There are 2 protein chains.
Amino acid sequence: MQHTIDRPYHHGDLRRTILDTAMAMLHEDRGWQFTLREIARRAGVSHAAPYKHFADKASLLAEMALIGFDRLREALSQDKPDASGSLRDAFFGMGRAYMRFATANPGLYRLMFSADAGRQPADVHLDERALAACEPLIALLMRGQAEGTLRPRDVRGQMAACWGQMHGLALLTIDGLLLPEKVGADALDNALMTLMEGLEA
Amino acid sequence: MQHTIDRPYHHGDLRRTILDTAMAMLHEDRGWQFTLREIARRAGVSHAAPYKHFADKASLLAEMALIGFDRLREALSQDKPDASGSLRDAFFGMGRAYMRFATANPGLYRLMFSADAGRQPADVHLDERALAACEPLIALLMRGQAEGTLRPRDVRGQMAACWGQMHGLALLTIDGLLLPEKVGADALDNALMTLMEGLEA
DNA sequence: AAACATATGTTGACGATGGCTACTTGTGGA
DNA sequence: TCCACAAGTAGCCATCGTCAACATATGTTT
């Protein structure tokens with residue numbers, strides 16, 4: 001008779017709870033060095049319970065990374081005000097949205113691109129999801145080229161330039177390597193501007 | 001009488017051996033999940049011996065990261081053919097040198113920017129070293145502005161743009177997210193070109 | 001030359017982790 | 001009603017990082 005009234009033998013939705021708890025801990029520690037056992041402890045279940053829902057720790061991390069990419073994609077698709085407004089505004093908006101997502105979820109963002117998130121097995125899914133998150137960007141680039149606002153270059157190259165820029169700036173910012181006092185208050189906007197000018201015709 | 005003739009009680013230069021071994025394992029596994037004990041094993045010493053030279057595992061990682069930044073700086077300074085040659089060539093040379101370093105030492109590169117490399121204590125050194133590695137880039141940018149080849153913008157912003165671009169592309173490449181079949185064969189050069197055009201006057 | 005302080009290695013232990021197996025307890029369909 | 005199966009538990013194992021106590025070289029002082 002170990003169980004309280006509040007917690008019956010079967011948790012009900014342990015899988016969801018585990019994911020939520022892990023996300024919360026990720027947010028606290030900004031590093032994914034949380035332990036499976038600690039998650040189980042917080043969820044109020046035994047230390048082996050999570051293994052009924054995830055094959056191993058890497059699987060949990062991989063799933064979290066997938067969720068992260070979905071959220072990122074959503075964040076990028078969101079504040080794109082359709083085809084109204086100038087391309088430049090849309091571009092800056094998307095860039096800032098990307099940075100906002102990364103800096104608001106530093107732990108998640110790092111996890112998404114971490115080798116620890118199970119980079120061995122069918123992580124193809126992860127890669128696919130990552131590239132899918134870039135689709136709003138590709139759409140924006142194609143629109144720009146169609147308008148004639150952007151130079152008519154290989155879109156994939158431009159995509160690589162933008163994504164690389166965003167990804168790098170995001171990680172450097174998360175790591176505290178782009179502190180305003182070292183690199184200027186609006187270095188981020190300046191960097192975005194430089195990139196934009198490289199894209200524009 | 002445990003000791004062979006070859007291995008006396010005192011190793012001689014264990015600290016160096018540990019670092020070398022760790023670097024080698026970093027190169028093999030492409031992840032810094034090697035264990036202190038495995039290093040000791042390979043070095044042929046007891047599992048606690050490393051603690052006479054490094055306070056803890058994080059200290060070892062931090063020192064390796066430091067070495068990494070020094071090597072990166074060296075790699076960037078190296079193939080810069082002084083003030084001869086066009087700025088454009090120098091820029092592309094440096095960009096490719098950066099990518100070459102990162103892709104040739106994926107594990108090391110990730111470690112350098114990893115939170116696991118002891119981001120708590122006097123990691124100020126790490127940050128300083130990281131920024132120091134960018135000095136060759138800053139010099140190049142200032143030269144370009146002086147020549148009038150580059151737009152007269154805040155150098156720190158341009159630095160952020162370049163570093164962000166390089167860092168992001170490097171990590172995405174290491175993670176296999178910029179596969180040629182997905183993003184074009186010469187996406188890297190295209191991205192560099194886009195960046196360059198954003199910098200040029 | 002003898003004695004000692006110190007740097008360097010070794011041994012054994014502790015707590016904690018990820019992961020596995022065997023067992024228990026609910027739950028829903030024949 | 002009964003039973004197969006999902007979901008949770010208890011306990012074990014190898015391993016890890018780290019620490020304290022001990023052993024052994026090295027070199028400095030007298």
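First the proteins, then the strands, lettered A, B, ... as listed; each starts at 1. Predicted model, so just to flag it, every value in this text is computed and none were measured.
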- In terms of the angle between their ring planes, are B:Tyr109 and B:His167 parallel, tilted or perpendicular, with boundaries placed at 30° and 60°?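 Taking B:His167 first and then B:Tyr109, their aromatic rings sit tilted (interplane angle of 30° to 60°).
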Please state how far atom [atom1] in [X] lies from atom [atom2] in [N], giving the value in whole angstrom units.
X       : N      : atom1 : atom2 : answer
A:Asp13 : D:dA7  : CG    : C1'   : 12 Å
A:Tyr51 : C:dC20 : OH    : P     : 7 Å
B:Leu14 : C:dT10 : CG    : P     : 8 Å
B:Leu36 : D:dT18 : CG    : P     : 6 Å
A:Ile18 : D:dA7  : CD1   : P     : 11 Å
B:Leu61 : D:dG17 : CG    : P     : 10 Å
A:Asp56 : C:dG18 : CG    : C1'   : 9 Å
A:Ile39 : C:dT17 : CD1   : P     : 11 Å

- Task: Sequence neighbours left out, what passes salt bridge (charged side-chain N to carboxylate O under 4.0 Å, His left out) with B:Arg41? Give chain and number order.
- Result: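 By the salt bridge (charged side-chain N to carboxylate O under 4.0 Å, His left out) rule, B:Arg41 matches B:Glu38.
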- So which heavy atom on A:Gly157 is nearest to which on B:Asn190, and how close?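 Taking every non-hydrogen atom into account, CA-CB, 3.8 Å.
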- Query: With respect to the phosphate group of C:dG9, does any side-chain polar atom (N or O) of B:Lys52 fall under 4.0 Å of OP1 or OP2?
  - Reply: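 For B:Lys52, the contact criterion (side-chain N or O under 4.0 Å from OP1 or OP2 of C:dG9) is not met.
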- Compare side-chain N and O positions of B:His53 against OP1 and OP2 of C:dG9 and report whether any pair is under 4.0 Å apart.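 True: B:His53 side-chain N/O within range (under 4.0 Å) of C:dG9 OP1/OP2.
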- Helix axis bend for the helix from C:dA1-D:dT30 to C:dA30-D:dT1 - C1'-based end axes, five pairs, 10° rounding: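 End-to-end axis angle: 10°.
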- Query: Can a cation-pi geometry be assigned to B:Arg73 and B:Phe101, taking NZ or CZ under 6.0 Å from the six-membered ring centre and within 45° of the ring axis?
  - Reply: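 Negative - B:Arg73 is either too far from the ring of B:Phe101 or too far off its axis.
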- Regarding A:Arg96 and the six-membered ring of A:Phe91, is the cationic atom NZ or CZ under 6.0 Å from the ring centre and inside 45° of its axis?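 Pair A:Arg96/A:Phe91 does not count as cation-pi.
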- Sequence-distant partners of B:Ala104, side chain to side chain contact (heavy atoms under 4.5 Å, CB included), two or more places apart: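 With sequence neighbours excluded, B:Ala104 shows a side chain to side chain contact (heavy atoms under 4.5 Å, CB included) to no residue whatsoever.
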Between N or O atoms, less than 3.5 Å apart, protein on one side and nucleotides 13-16 of chain C on the other: list the pairs.
none

- Enumerate the residue pairs fulfilling salt bridge (Lys or Arg N to Asp or Glu O under 4.0 Å) with a member in residues 156-168 of chain B, sequence neighbours excluded, ordered by first and then second residue.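 Residue pairs with at least one partner in residues 156-168 of chain B: B:Asp154-B:Arg156.
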- Message: Checking contacts here: which listed nucleotide (D:dT9, D:dT18, C:dG9) is nearest the side-chain heavy atoms of A:Ser46?
- Response: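 For the A:Ser46 side chain, the nearest candidate turns out to be D:dT9.
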- Mind jotting down which residue pairs meet the ring-ring contact (aromatic ring centres under 6.0 Å, His included) criterion with at least one end in residues 172-201 of chain A? Sequence neighbours excluded, please.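 Output for this query is empty, none listed.
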- Query: Taking the side chain from A:Asp89 and the backbone from A:Gly85, do they hold a donor-acceptor pair closer than 3.5 Å?
  - Reply: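 Flag not set: sc A:Asp89 to bb A:Gly85 has no pair under 3.5 Å.
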